Chemist: 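Submitted below is the structure of interest, expressed as structure tokens.
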Amino acid sequence: MKSISLLGIPVDEGASQLGCKMGPDAFYVAKLPEAIRELGYDIVHEERLSARDVAYPSHPNTAIHDQNKIAGWIESIAEAAERTAEKSIPIFLGGDHSLSAGSVAGVARAAKKARKPLFVLWLDAHSDFHTLDTTDSGNLHGTPVAYYTGQKGFEGYFPKLEVAVDPANICMMGLRSVDLPEGARLLENNIIVNDMRAIDEHGIVKLLNTFLAKVKEVDGWLHVSLDVDFLDPEIAPAVGTTVPGGASFREAHLIMEMLHEIGLVRSLDLVELNPFLDHKGRTAKLLVDLTASLFGRKVIDRMTRSY
């Protein structure tokens with residue numbers, strides 16, 4: 001598929017530090033549309049979303065903030081995700097990672113219509129597998145995976161989940177900051193976990209190929225969710241949740257190049273970019289280059305540029 005939709009999602013209510021709402025604009029300043037078009041893709045739809053007004057009951061967990069705002073974002077994003085994923089590859093320009101509760105839920109609905117199983121590659125330092133009951137921080141960017149896999153505790157407080165993603169169809173790479181109870185729940189739900197130690201021991205290629213073979217075997221759809229903090233903060237400082245020891249420049253590009261080669265990616269999140277914390281657009285430009293690798297730019301095609 002050579003059609004792309006760009007969906008700007010200026011949400012930062014899911015995080016504790018403001019600034020991610022400027023992310024969509026930063027991607028345009030860093031020339032994401034131009035990079036995509038240079039690779040032969042058509043941008044068939046561009047839209048800047050806003051949260052719907054909703055009125056769900058407040059959750060008993062008093063740590064939670066902006067619950068209705070995030071619920072309104074989920075409704076808006078899921079509808080746009082389903083609509084655009086049917087005829088294009090939507091790229092969700094965030095915004096904090098709470099947006100993935102809507103993007104994955106909506107793409108899952110489109111995949112079901114196409115009679116395809118949905119798989120998720122979660123590139124993140126965190127697993128974001130908290131429920132509304134278990135979050136201590138109350139930051140809802142820590143809950144999207146639990147929501148879109150249909151974990152208990154969201155009913156009546158978030159939009160009804162129409163199509164849940166099978167946890168066994170999720171591969172998390174780059175984890176290095178996970179609460180102990182959260183980690184136990186990952187294992188209980190059979191989520192594939194490749195933390196940074198696994199990457200150090202076995203390398204990107206073996207781990208990713210094992211997962212991609214599973215997707216290819218059943219001709220599935222693949223959603224990729226790339227959080228800035230998957231990357232080492234030395235190369236990507238523009239994120240409010242920096243964790244040392246992340247993926248290197250080449251590791252990140254290798255993942256994207258491998259994803260392009262298998263040709264199964266049907267949607268992409270670019271999240272947690274906080275331009276307020278960036279250095280001369282360094283992180284935004286890196287994410288644009290990684291996206292270009294995902295859509296076919298080769299190593300030898302990459303122009304010399306400063307970060």
Side-chain angles (χ1 to χ4, degrees), residues 74 77-78 81 85 90 92 94 97-112 114 116-131 134-135 140-154 158 161-179 181-199 202 204 206-227 229-230 247 252 255-256 258-259 262 264-272 294:
I74 292 172
I77 297 166
F92 304 93
H97 221 159
S98 65
L99 73 82
S100 296
S103 64
V104 178
V107 172
R109 297 191 319 226
K112 183 177 181 180
K116 300 285 187 179
L118 181 65
F119 292 77
V120 178
L121 178 61
W122 194 258
L123 303 173
D124 198 334
H126 309 89
S127 59
D128 296 344
F129 202 55
H130 276 295
T131 68
T134 66
T135 176
L140 295 177
H141 67 171
T143 64
V145 181
Y147 172 75
Y148 69 65
T149 56
Q151 304 301 307
K152 294 180 180 179
F154 293 94
F158 267 11
L161 183 66
E162 295 183 20
V163 180
V165 177
D166 183 348
N169 287 359
I170 299 171
C171 175
M172 295 185 170
M173 298 194 75
L175 298 187
R176 55 195 188 279
S177 179
V178 179
D179 296 339
E182 196 179 7
R185 290 195 301 273
L186 292 176
L187 298 178
E188 291 169 3
N189 282 270
N190 297 314
I191 291 175
I192 301 167
V193 176
N194 294 317
D195 59 16
M196 286 308 298
R197 173 168 178 169
I199 291 173
H202 304 289
I204 290 289
K206 179 181 178 180
L207 298 173
L208 185 55
N209 271 338
T210 299
F211 176 63
L212 294 180
K214 182 178 178 181
V215 183
K216 188 174 183 179
E217 183 180 9
V218 294
D219 191 26
W221 279 17
L222 180 58
H223 177 91
V224 177
S225 195
L226 173 59
D227 188 312
D229 68 25
F230 167 72
I255 289 171
M256 295 302 170
M258 291 173 64
L259 291 173
I262 198 168
L264 295 173
V265 175
R266 287 297 305 258
S267 46
L268 171 67
D269 297 330
L270 298 173
V271 303
E272 295 288 347
L294 175 60

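Just so you know, these numbers use all the heavy atoms, side chains as well, and skip hydrogens, waters and symmetry mates. Source: prediction; values computed, not measured.
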Chemist: Around Lys214, counting heavy atoms of other residues, nucleotides and ligands shown, do more than 12 lie under 6.0 Å from its NZ?
Modeler: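 Buried by this count: over 12 neighbours within 6.0 Å.
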Chemist: Kindly indicate whether the side chain of Val104, heavy atoms from C-beta on, has any atom under 4.5 Å from the side chain of Leu118.
Modeler: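 Yes, close enough: below the 4.5 Å cut-off.
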Chemist: Would you please name every residue forming a ring-ring contact (aromatic ring centres under 6.0 Å, His included) with Phe158, sequence neighbours left out?
Modeler: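 ring-ring contact (aromatic ring centres under 6.0 Å, His included) list for Phe158, sorted by chain: Tyr147, Phe154.
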Chemist: Quick check against the 3.5 Å criterion: does Asp124 have a side-chain atom that pairs as donor or acceptor with the backbone of Ser127?
Modeler: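 No, the answer is negative, given that no donor and acceptor are paired below the 3.5 Å cut-off.
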Chemist: Compare all side-chain heavy atoms of Asp219 with those of Lys116 and state whether any distance is below 4.5 angstrom.
Modeler: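 Side chain of Asp219 against side chain of Lys116, heavy atoms only: contact under 4.5 Å found.
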Chemist: So how far is it from Phe211 CZ to Ile262 CD1, rounded to the nearest 0.5 Å?
Modeler: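 So the gap between those two atoms works out to 9.5 Å.
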Chemist: Flag the pair Phe92 / His223 as yes when at least one side-chain heavy-atom distance between them is below 4.5 Å, and no otherwise.
Modeler: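 Yes - at least one pair of side-chain heavy atoms lies under 4.5 Å apart.
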Chemist: Tell me the closest heavy-atom pair linking Pro90 and Ala85, and the distance in Å.
Modeler: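 Taking Pro90 first and Ala85 second, the nearest heavy atoms are CD-CA, 3.9 Å.
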Chemist: Search all heavy atoms of Ala81 against all heavy atoms of Gly106 and return the closest pair with its distance.
Modeler: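 Taking every non-hydrogen atom into account, CB-CA, 3.8 Å.
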Chemist: Once rounded to the nearest 0.5 Å, what's the spacing between atom CD of Gln151 and atom OG1 of Thr131?
Modeler: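 Reported to 0.5 Å precision, the distance equals 8.5 Å.
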Chemist: Got a sec, which residues hit salt bridge (charged side-chain N to carboxylate O under 4.0 Å, His left out) with Arg266, two or more places apart in sequence or on another chain?
Modeler: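 If we apply the salt bridge (charged side-chain N to carboxylate O under 4.0 Å, His left out) test to Arg266, skipping adjacent residues, there are no hits.
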Chemist: Of all heavy-atom pairs between Asp269 and Val271, which one has the smallest distance, and what is that distance?
Modeler: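 Heavy atoms only, the tightest pair is CB-CG1, 3.8 Å.
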Chemist: Begin from the C-alpha positions of His141 and Asp128 and carry the test side-chain contact (heavy atoms from CB on, under 4.5 Å) through to its verdict.
Modeler: CA-CA 7 Å; His141 67 171; Asp128 296 344; 5.7 Å; no
Chemist: State, with a plain yes or no, whether a side-chain heavy atom of Pro167 is found less than 4.5 Å away from one of Asn190.
Modeler: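 Of all side-chain heavy-atom pairs linking Asn190 with Pro167, none is under 4.5 Å.
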Chemist: Could you tell me whether the side chain of Ile191 reaches within less than 4.5 Å of the side chain of Phe129, counting heavy atoms only?
Modeler: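 Counting from C-beta outward, Phe129 and Ile191 do come under 4.5 Å.
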Chemist: Please assess Ile199 against Ile204 for the test side-chain contact (heavy atoms from CB on, under 4.5 Å), listing each intermediate value before the final yes or no.
Modeler: CA-CA 6 Å; Ile199 291 173; Ile204 290 289; 3.8 Å; yes
Chemist: Side chain to side chain contact (heavy atoms under 4.5 Å, CB included) with Met172: which of Ile192, Asn194, Leu186?
Modeler: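 Of the listed residues Ile192, Asn194, Leu186, the side chain to side chain contact (heavy atoms under 4.5 Å, CB included) partner of Met172 is Leu186.
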Chemist: Which atoms form the tightest heavy-atom contact between Asp229 and Arg176, and what is the distance?
Modeler: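 Here Asp229 and Arg176 meet closest at O-NH2, 2.6 Å.
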Chemist: Rounded to the nearest 0.5 Å, what's the gap from CD1 on Ile77 to OG on Ser100? Could you check?
Modeler: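 Taking CD1 in Ile77 and OG in Ser100, the distance rounds to 8.0 Å.
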Chemist: When rounded to the nearest 0.5 angstrom, what distance separates CZ in Arg197 from CG in Leu175?
Modeler: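 Answer rounded to 0.5 Å: 14.5 Å.
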Chemist: Less than 4.5 Å apart, any side-chain heavy atom of Glu182 and any of Val145?
Modeler: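 Not touching, per the 4.5 Å side-chain cut-off.
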Chemist: Would you compute the distance between atom OG1 of Thr134 and atom NZ of Lys152 and round it to the nearest 0.5 angstrom?
Modeler: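 Those atoms lie 14.0 Å apart.
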Chemist: Decide yes or no for His97 and Ser225: does some side-chain heavy atom of the first lie under 4.5 Å from some side-chain heavy atom of the second?
Modeler: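 Yes, their side chains come closer than 4.5 Å.
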Chemist: Which atom names give the shortest non-hydrogen contact between Leu123 and Val224, and what distance separates them?
Modeler: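 Smallest heavy-atom distance, with atoms named: CD1-CG1, 4.1 Å.
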Chemist: Nearest heavy-atom pair of Gly94 and Leu99: which atoms, and what distance?
Modeler: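 So the minimum-distance heavy-atom pair works out to CA-CD2, 3.4 Å.
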Chemist: Nearest 0.5 Å please: distance from the OH atom of Tyr148 over to the OG1 atom of Thr143.
Modeler: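 Rounded to the nearest 0.5 Å, the OH-OG1 separation comes to 11.0 Å.
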Chemist: Side chains of Leu212 and Leu259, heavy atoms from C-beta outward: is any pair under 4.5 Å?
Modeler: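 Yes; the side chains approach each other to less than 4.5 Å.
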